[in-house]
Number of protein chains: 2
Amino acid sequence: MSGVSIATVSRVLNNPDLVARNTTERVQRAVRELGYRPNLFAKSLLSKRSRVIGVSLPDIHGEFYAELMHAADRRARELGYHLLVSAGAHQEDAPRTDNDSTGAGFAIDLVDGLIVMLTEQSRSDLEAIARLNIPTAVIGCDRPGARVETITYDNILGAEQATEHLLEGTPPERCYFVGAHKGNLDSDDRARAFTDTLRARGHEPDTDQIAYGEFTFEWGWDWASSRMDADALAGAAVFAANDEIAVGIANAARERGLEMPRDIRLVGFDDSRICTLLRPEISSVRVPIPDLASEAIDALVRRIESPERDPKHTRLATSLVIRDSSRLKERA
Amino acid sequence: MSGVSIATVSRVLNNPDLVARNTTERVQRAVRELGYRPNLFAKSLLSKRSRVIGVSLPDIHGEFYAELMHAADRRARELGYHLLVSAGAHQEDAPRTDNDSTGAGFAIDLVDGLIVMLTEQSRSDLEAIARLNIPTAVIGCDRPGARVETITYDNILGAEQATEHLLEGTPPERCYFVGAHKGNLDSDDRARAFTDTLRARGHEPDTDQIAYGEFTFEWGWDWASSRMDADALAGAAVFAANDEIAVGIANAARERGLEMPRDIRLVGFDDSRICTLLRPEISSVRVPIPDLASEAIDALVRRIESPERDPKHTRLATSLVIRDSSRLKERA
DNA sequence: ATACTCGATGAAAACGATTACATCATGCGT
DNA sequence: ACGCATGATGTAATCGTTTTCATCGAGTAT
């Protein structure tokens with residue numbers, strides 16, 4: 001030290017106004033020369049804060065994950081926080097650590113708060129989270145009961161737009177929804193919006209018009225293939241629950257000589273990279289992933305820093321991006 | 001407490017053999033009933049260990065990032081570590097935090113070690129890392145000078161395989177390499193292997209046969225488009241430095257009526273999801289991303305836990321996956 | 001000149017664990 | 001029966017901060 005006590009050093013670093021001008025300068029010089037850095041563990045021990053946020057995501061597909069993490073990381077850093085990841089923590093086969101007494105797949109004691117993305121309809125996850133008693137922001141599910149922040153994207157809005165767009169050029173009985181398994185929050189919402197929109201047009205959808213499978217290329221392919229053996233999809237309009245399914249459908253259709261949008265009109269969901277890599281480009285519902293991430297960080301940080309406030313529930317709009325796979329000719 | 005001192009409690013938790021059988025049980029029962037969990041910050045303060053690993057990745061594309069993080073997280077968790085992310089920390093515009101005195105974009109003092117992926121030829125990154133004086137594993141660059149672990153994938157091997165595969169059915173003067181910008185470690189290695197393989201066949205590649213751009217769909221598209229205006233690519237074989245470029249080329253080619261593999265043969269790099277989503281499926285060089293991640297974690301943890309050992313330098317093999325975009329007809 | 005305030009700084013307690021050392025009882029050998 | 005090794009447990013120092021409280025000196029008002 002440069003002739004001063006550790007208390008003064010601490011003050012210089014945290015409350016420079018409490019200490020005399022020239023002392024401040026002397027200490028700062030010493031700090032610089034010695035390359036001194038305060039020990040974060042000691043700080044945390046005292047403050048019970050680590051400025052670390054845990055992020056627990058289900059096994060979502062690559063792009064979504066990457067985009068979400070990038071945006072979250074960026075926003076967290078702006079606010080002086082860091083991100084601790086826990087990819088696929090909900091999976092049963094994920095190894096458990098000592099510190100993970102909760103089964104949430106996490107070093108709970110290390111983080112100031114948690115961001116959890118939920119895609120499945122399951123109470124157990126939510127209960128586990130509530131039991132943690134730690135500031136939490138939930139992405140993707142807006143009725144978690146507990147006192148947590150929620151950030152969702154408007155599946156209904158996007159799916160309505162997509163369905164209405166398809167209905168503009170295709171009769172309701174020739175419209176199809178190809179979803180993932182029942183119980184998936186996103187797929188279910190999108191299916192419901194599809195159904196409701198058809199009903200609003202006075203058409204009760206046939207069970208045949210709504211199919212459940214998985215969020216995969218293969219499922220899309222299989223669905224389209226089996227359809228085409230039966231009654232040929234020519235003239236149909238298909239709303240796929242995500243882009244992978246859409247691509248599967250697109251490929252199967254092309255292989256059978258159907259051209260988009262002339263013979264089949266197609267809309268996906270997520271507006272992922274693949275949509276613009278295929279020809280024709282695929283229409284899709286855009287989910288504002290970066291906003292989702294930064295809203296989640298903002299909400300969580302707000303909650304961490306003032307826990308008394310009531311949790312906020314944010315819903316982000318989605319928007320249909322119309323591309324050649326579904327564009328009506330008279331409009332093109 | 002249940003009639004015992006804190007020292008004994010600590011021993012029960014860490015060295016159960018030092019304490020009497022029935023005391024152990026009594027304490028464990030109390031621990032369970034009280035839901036006691038040792039404070040990690042206090043532990044870290046004493047041990048100077050956090051069991052947290054920092055991961056700093058450049059702005060690589062979605063799938064690569066996601067796959068790497070998933071595998072790294074899984075392996076880290078198995079070893080009792082957690083991952084702190086720092087996506088795009090090398091970027092100039094990334095906000096800086098207080099704790100980031102080093103400019104490495106990181107709360108260095110929080111982590112036991114660092115995994116850094118480098119894709120660009122730049123000494124400054126390396127020097128910054130070396131100055132940190134913290135256990136480090138570098139992914140993607142095998143000559144970092146400093147005492148760090150390195151984990152690379154064999155760009156040369158994969159690129160040689162790809163080039164030789166193309167040379168099997170196409171004369172050397174009709175083979176092209178479409179790379180990213182010079183200075184990118186991956187692209188440069190792949191370009192060199194391409195050149196060397198052609199030379200080994202006695203053909204000195206024309207400057208025209210090697211192009212530099214970016215790792216993007218658009219660059220691939222532009223390259224193919226400009227080529228086709230000039231001398232028509234029919235009969236050519238193209239090795240793209242990554243899959244995005246390859247897709248751009250594939251689309252431009254199809255738009256002009258060229259069919260793969262009949263008129264053009266194409267091989268990409270990374271073996272990403274997109275390769276099997278397009279028709280025809282695109283040949284590509286597979287990079288063992290999960291292995292890359294877990295090797296990096298293993299190496300880093302080894303180094304953290306026994307720093308005296310000499311750093312290991314691991315190189316993982318890549319392998320060409322032949323699909324319809326480049327398959328020779330007589331072999332199909 | 002005295003008392004009072006205020007600004008600057010140091011001393012020491014606290015955060016919650018680990019661990020070297022001290023203590024104490026027990027059982028053993030002689 | 002005494003000394004001593006041994007095993008179990010408590011005491012207290014320690015890690016590196018922050019923060020409360022006390023101290024001290026100087027300036028100011030009466």
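In the text below, chain A, chain B and the rest are named by the order of the sequence lines, each starting its count at 1. The figures here come from the full heavy-atom set of this structure, side chains too, leaving out hydrogens, waters and symmetry mates.
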Point to revise | Nearest-angstrom distance from the residue atom CG of L46(A) to P of dT14(D) | key: 19 Å
Exercise for review: Run the salt-bridge test on R315(A) and D142(A) with the 4.0 Å N-O cut-off and return the result as yes or no.
Suggested key: yes
Practice item. Taking atom types as modelled, find out whether H82(A) and D73(A) have a side-chain donor-acceptor pair closer than 3.5 angstrom. Key: no
Review point. To the nearest angstrom, how far is D109(B) atom CG from dG16(D) atom C1'?
Key: 12 Å
Exercise for review: Report the distance from atom NZ of K48(A) to atom C1' of dT19(D), rounded to the nearest whole Å.
Suggested key: 14 Å
Review point. Hey, which of L300(A), V301(A), V52(A), V111(A) is the one that makes side-chain contact (heavy atoms from CB on, under 4.5 Å) with Y81(A)?
Key: V301(A)
Revision key, fill the gap. Outer limits of DNA chain C sitting under 4.0 Å from a non-hydrogen atom of chain A, read 5' to 3', are dA8(C) to dG16(C)
Review point. Taking it one step at a time, do D186(A) and Y153(A) satisfy side chain to side chain donor-acceptor pair (under 3.5 Å)?
Key: CA-CA 9 Å; D186(A) 291 320; Y153(A) 38 91; 3.0 Å; yes
Practice item. Can you tell me the distance, in whole Å, between the CD1 atom of I6(B) and the C1' atom of dA12(D)? Key: 9 Å
Revision key, fill the gap. When rounded to whole Å, the CZ to P distance for the pair R37(A) and dG16(D) reads 14 Å
Study note, to complete from the structure: Separation of dT18(D) atom P from F41(A) atom CZ, nearest Å, is 15 Å
Check your understanding: Closer to the 5' end of DNA chain D via nearest nucleotide, is it L45(B) or A7(B)?
Key -> A7(B)
**Study point:** Nearest-angstrom distance from the residue atom CZ of R49(A) to C1' of dT18(D)
**Key:** 15 Å
Revision key, fill the gap. Which of D154(A), D270(A), L68(A), N155(A) passes side-chain contact (heavy atoms from CB on, under 4.5 Å) with V287(A)? Answer is D270(A)
Check your understanding: In this structure, are over 12 heavy atoms from other groups packed under 6.0 Å from N133(A) atom CG?
Key -> no
Review point. Is N39(A) near enough to dC15(D) that one of its side-chain N or O atoms lies under 4.0 angstrom from OP1 or OP2?
Key: no
**Study point:** Salt bridge R303(B)-E149(B), side-chain N to carboxylate O under 4.0 Å
**Key:** yes
Can you give me the N/O atom pairs linking the protein to nucleotides 5-9 of chain D at distances under 3.5 Å, or say none if there are none?
from, atom 1, to, atom 2, distance (Å)
dT9(D), OP1, T23(B), OG1, 2.5
dT9(D), OP2, A20(B), N, 2.9
dT9(D), OP2, T23(B), OG1, 3.4

Review point. Do R147(A) and D310(A) meet the salt-bridge criterion of a basic N to acidic O distance under 4.0 Å?
Key: yes
Check your understanding: Do the charged groups of D112(A) and R51(A) touch, with an N to O distance under 4.0 Å?
Key -> no
